[in-house]
There are 2 protein chains.
Amino acid sequence: MKGLTSRQAEILEFINRFIKNNGYSPSMEDIRIFFGFRSPNAVTCHLRSLINKGYLSKEISKARALRLKFSSSGYGIPVLGKIAAGRPVLIEDFSEGFLFSQEEMKGVFALKVKGDSMKDAHIYDGDYVIVKKNVDINNGDIVAAIVEEEATVKYFRRIKNKVFLIPANPSYKSIEIKENFILGKVTGVLRKL
Amino acid sequence: MKGLTSRQAEILEFINRFIKNNGYSPSMEDIRIFFGFRSPNAVTCHLRSLINKGYLSKEISKARALRLKFSSSGYGIPVLGKIAAGRPVLIEDFSEGFLFSQEEMKGVFALKVKGDSMKDAHIYDGDYVIVKKNVDINNGDIVAAIVEEEATVKYFRRIKNKVFLIPANPSYKSIEIKENFILGKVTGVLRKL
DNA sequence: TATTATACTGTATTTTTATACAGTAGTCAA
DNA sequence: TTGACTACTGTATAAAAATACAGTATAATA
């Protein structure tokens, strides 16, 4: 993660505070007025920098749609790298990033797996698959799709113009479906113990 | 606090989910499209009702500036139950709760698994184990512990006053450790795809 | 039975907001 | 000393989004 200039840090801080105080994102105009810029482009440029450096994301042309990537409310599960034997282990130490950060959770839902049609891909009955919508899907990816009014999880394979769902268990058959019945790409598997 | 009609409740619920999924408020247009209203005024009227009844506030003429007065704390990944085959599936439908709600994330960290010592428990190299600190541990639970300055994941077994870590792979040996080297209980396994 | 609230359609207009593009000026590093 | 990055000015335009106003139909309430 790249460092911020002091001006960029001020602007990020303003956005952070604004969201906390108001419950919604500031508009670029709000930022412009607060900092006294005479041009809206000053804000545009600063936001671009913050986005490029990975501190912020926004939706193009959408009003008040800024999203902080590292909100101080700190969602997510920290992944520990090295663990000091000294103890006690502090989550704050040696973090190697976060699972399920706000960014990762965007456009994501989960389905509970029934049956063993994906057991050879190590997805078992009772597991949850984590599905991300609106992402590119390639042959060999695991996808969630609707088949006969039910959600199902299978390998994705496109052959010419046809789309097939292929189970990871030889006792089940492949089926052909229409592409718009694909719900999304399976980006993770979670098993609760 | 006044009661909501079912339609109003649906709209409030949509706003709630939208903010959680996207990090910013929906526009009235977003709401209109989701519910299939042909007139923007349908949204205006519903929002007015929700505001009058005290469930919502908004700033006049500001885009995406809805604020929930009673935000339900359940952050996380919504688990979908039934899925309607007819329309594009929206995360907002039929949630059966959340994975990784704020409550579930308390005192939780993750470790990346190296090696295949737990493969018979379906925990593989590269998986993440989700570890909860300060919870009761019983025989047969999977735990994370520090062994020789490294984090490791094994079955837990207490025999009389001794604590053993038992791998789920017969080619590895059990080891005895001191109880205070246990980091926590493994409550989940996540595999990123 | 008149009144009020819900739940919308439909069109038009205004306001807000974001973006595009053309510049200026300073700093810092190669 | 050229080029890249930061930090803006200034004007213009496009787009997104909210609002205004005139209706319709139905069910519940007094």
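Since we're looking at a predicted model, the values are computed, not measured.
For the side chain to side chain contact (heavy atoms under 4.5 Å, CB included) test with B/L193, the passing option among A/V189, A/I130, A/D141, A/V129 is A/V189; the others fail.
A donor-acceptor contact closer than 3.5 angstrom links the side chains of B/S171 and B/N169.
If you measure from atom CZ of A/F37 to atom P of D/dG10, you get 14 Å, rounded to the nearest angstrom.
For A/K62, no side-chain nitrogen or oxygen approaches OP1 or OP2 of C/dT19 to under 4.0 Å. Between C/dT11 and B/R38, no contact under 4.0 Å exists linking OP1 or OP2 to a side-chain N or O. The phosphate of C/dT6 has neither OP1 nor OP2 within less than 4.0 Å of any side-chain N or O from B/H46. Checking the phosphate oxygens (OP1, OP2) of D/dT19, a side-chain nitrogen or oxygen of B/K58 falls inside 4.0 Å.
Among the atoms of the strands shown, only primed sugar atoms or phosphate atoms (P, OP1, OP2) are found under 4.0 Å from some heavy atom of A/S61. Counting non-hydrogen atoms under 4.0 angstrom, B/S27 reaches the backbone sugars and phosphates but no base. Using a 4.0 Å heavy-atom cutoff across all strands shown, B/A63 reaches sugar-phosphate atoms only and no base atom.
Between A/F35 and A/F14, the gap from one ring centroid to the other is short of 6.0 Å.
Listed nucleotides C/dT9, D/dT19, D/dT9 differ in distance to A/N41; the shortest reach to its side chain belongs to D/dT9. For A/R64, whose side chain is taken as the heavy atoms from C-beta onward, the closest listed nucleotide among D/dT11, D/dT19, C/dT17 is C/dT17.
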